[in-house]
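Chain letters run A, B, ... following the sequence lines, proteins first and then strands; every chain starts at 1.
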2 protein chains.
Amino acid sequence: MPTSVNSNPTDQRILDGALELFADRGFEATSLDLIGKVVGISKQSVLYWFPSKEDLLMALVDRSVDDLSLALEDSLENPRSPSGRDQGWFKIESVVKAVFRVSAKRPELIGLLREISRLGPPASSRLVERFDPLLTRAYAFLDGEMDRGTIKRHEPKFLLLATYSMVVGMVSEIELLRAMGEEPSMRSLVKRRSDVLEFLRSALLIERD
Amino acid sequence: MPTSVNSNPTDQRILDGALELFADRGFEATSLDLIGKVVGISKQSVLYWFPSKEDLLMALVDRSVDDLSLALEDSLENPRSPSGRDQGWFKIESVVKAVFRVSAKRPELIGLLREISRLGPPASSRLVERFDPLLTRAYAFLDGEMDRGTIKRHEPKFLLLATYSMVVGMVSEIELLRAMGEEPSMRSLVKRRSDVLEFLRSALLIERD
DNA sequence: AAACTAGCCTACCATATGGTAGACAGGAGT
DNA sequence: ACTCCTGTCTACCATATGGTAGGCTAGTTT
């Protein structure tokens, strides 16, 4: 009997289970047996859908990048920021909010990012490769905003990596937070979100009269 | 015959090997056999010094926290920043520089931090626990500086975690950097350091006339 | 000289792991 | 009716892993 009542196609359910487990316990520490168990099938059925554990990981990277891209693209096209005077800054704010939204709704996706970058190639190269279109757009956008003088000039590549590290750290270092005496909760996630935004604002935004 | 010509006591050499391997390949992916091999002894001798793999990890956490604390404390006591007008800011700069110095000289230490926080309790709780004295000092220092009005007000706990995430990310996400087209090198590390400092400066420093 | 200890080793074990081989059930195509 | 294909399973395997048991040696203690 399946652990979860889930009527999706088997391969998607396997990816669901693997995502959760890889993000939570790590790739090496997750056995195919365990994945099978949470999905409600046998290890061999997992191997039927994905010829090897690494193939499974790669497929998971692909699907996760698609999911994330979708969430971010959407927030780029239709920024949900409140009333505003500065379109450029709002896009940044909107993307950061989107990341926080994802990490509230699907924390495993963010956890997987960390795990992938830890595992190194070939998974990490595939990750960045698949993210490339989005990255390129982000570079162009940041360059444009700096040219327009709406945000302070930093190297886009650095800015992205730094912000990425910071945001992902803030939402995924829950162990450290807990150990620092803050009980992870919805409330504290919202707090951290506004802290991050305020920090970024003071780092990036150029105040005009 | 030992792999490295190292005449330190055996237990220290084991910790050295484990540090490198854990940081590089991860805890689960590192076998006791492999540790023994790089140290030049058998797995059973490893177990002679550390009764279990987890004991080894704990001992490694302890030693690494000591090493890191030493490097940071030193930079706090004797800031190496250039001529300056603002002691508070210079301490921050000095600490960030110290972290970069450590990550140039002993990148495994930073890598281990990530690995530990990924592994979760009990390793991560021990890590933070052992870091607590330093953390407390940092809180107090940041509070003081904010009161004095030298840096912008943010919640210290947030500020520390955010800066930690950013700095550690910048020095340890070399996979992502590489995939983003930047070849990790001494030169680029220095570049990233100055980028980070500039970013922090614009985020924190309050310019006065 | 006898006893003990430290440090290392070989031998071994139970378990877990990724993966292969192949069987069986049931629906679809002919 | 027969074949084929899809999806699942059981059985099995080679290998690796953390850990135990116990032995050997050289030096120190008594």
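- Rounded to a whole Å, the CZ atom of B:Phe27 is 10 Å from the C1' atom of D:dG18.
- Between A:Ser31 and C:dA16, a side-chain N or O to OP1/OP2 separation shorter than 4.0 Å is absent.
- Two residues are said to be in side-chain contact when any heavy atoms from C-beta on lie closer than 4.5 Å; A:Ile14 and A:Ile41 meet this criterion.
- Using a 4.5 Å cut-off on side-chain heavy atoms (C-beta onward), A:Phe131 and A:Leu113 make contact.
- A:Lys53 has its NZ atom 15 Å from the P atom of C:dT20, to the nearest Å.
- As judged by a 4.0 angstrom heavy-atom cut-off over every strand, A:Leu32 is placed among residues touching the sugar-phosphate backbone only.
- No side-chain heavy atom of B:Val196 sits less than 4.5 Å from a side-chain heavy atom of B:Thr163.
- With respect to B:Asp16 and B:Arg63, a salt bridge is recorded, a charged nitrogen being found less than 4.0 Å from a carboxylate O.
- Remark: the backbone N or O of A:Ala203 is paired with a side-chain donor or acceptor of B:Ser202 at under 3.5 angstrom.
- Backbone-only engagement by B:Ile41 is indicated by non-hydrogen atom pairs under 4.0 Å involving sugar-phosphate atoms exclusively.
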Pairs under 3.5 Å (N/O, protein and nucleotides 3-7 of chain D):
from: D:dG7; atom 1: OP2; to: A:Tyr48; atom 2: OH; distance (Å): 2.9

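- Residue B:Asp11 contributes atom CG, which lies 14 Å from atom C1' of C:dC8 at whole-angstrom precision.
- Between the side chain of B:Lys43 and the base of D:dG19 there is at least one donor-acceptor pair of N/O atoms closer than 3.5 Å.
- Whole-Å rounding puts the A:Glu28 CD to C:dG18 C1' distance at 13 Å.
- Between B:Leu47 atom CG and C:dC12 atom P the separation is 18 Å, expressed in whole Å.
- Rounding to whole angstrom units, CG of residue A:Asp33 and C1' of C:dA16 are separated by 8 Å.
- Legend: residues meeting side chain to side chain donor-acceptor pair (under 3.5 Å) with A:Asp24, ordered by chain and number and at least two apart, are absent.
- As rounded to whole Å, 8 Å separates atom P of C:dT17 from atom CG of A:Leu34.
- Rounding to whole angstrom units, CG of residue A:Leu56 and P of C:dG19 are separated by 10 Å.
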*asked:* Quick one, A:Val128 with A:Leu135, criterion side-chain contact (heavy atoms from CB on, under 4.5 Å). Give me CA distance, side-chain angles, the key distance, then yes/no.
replied: CA-CA 9 Å; A:Val128 185; A:Leu135 272 185; 4.2 Å; yes
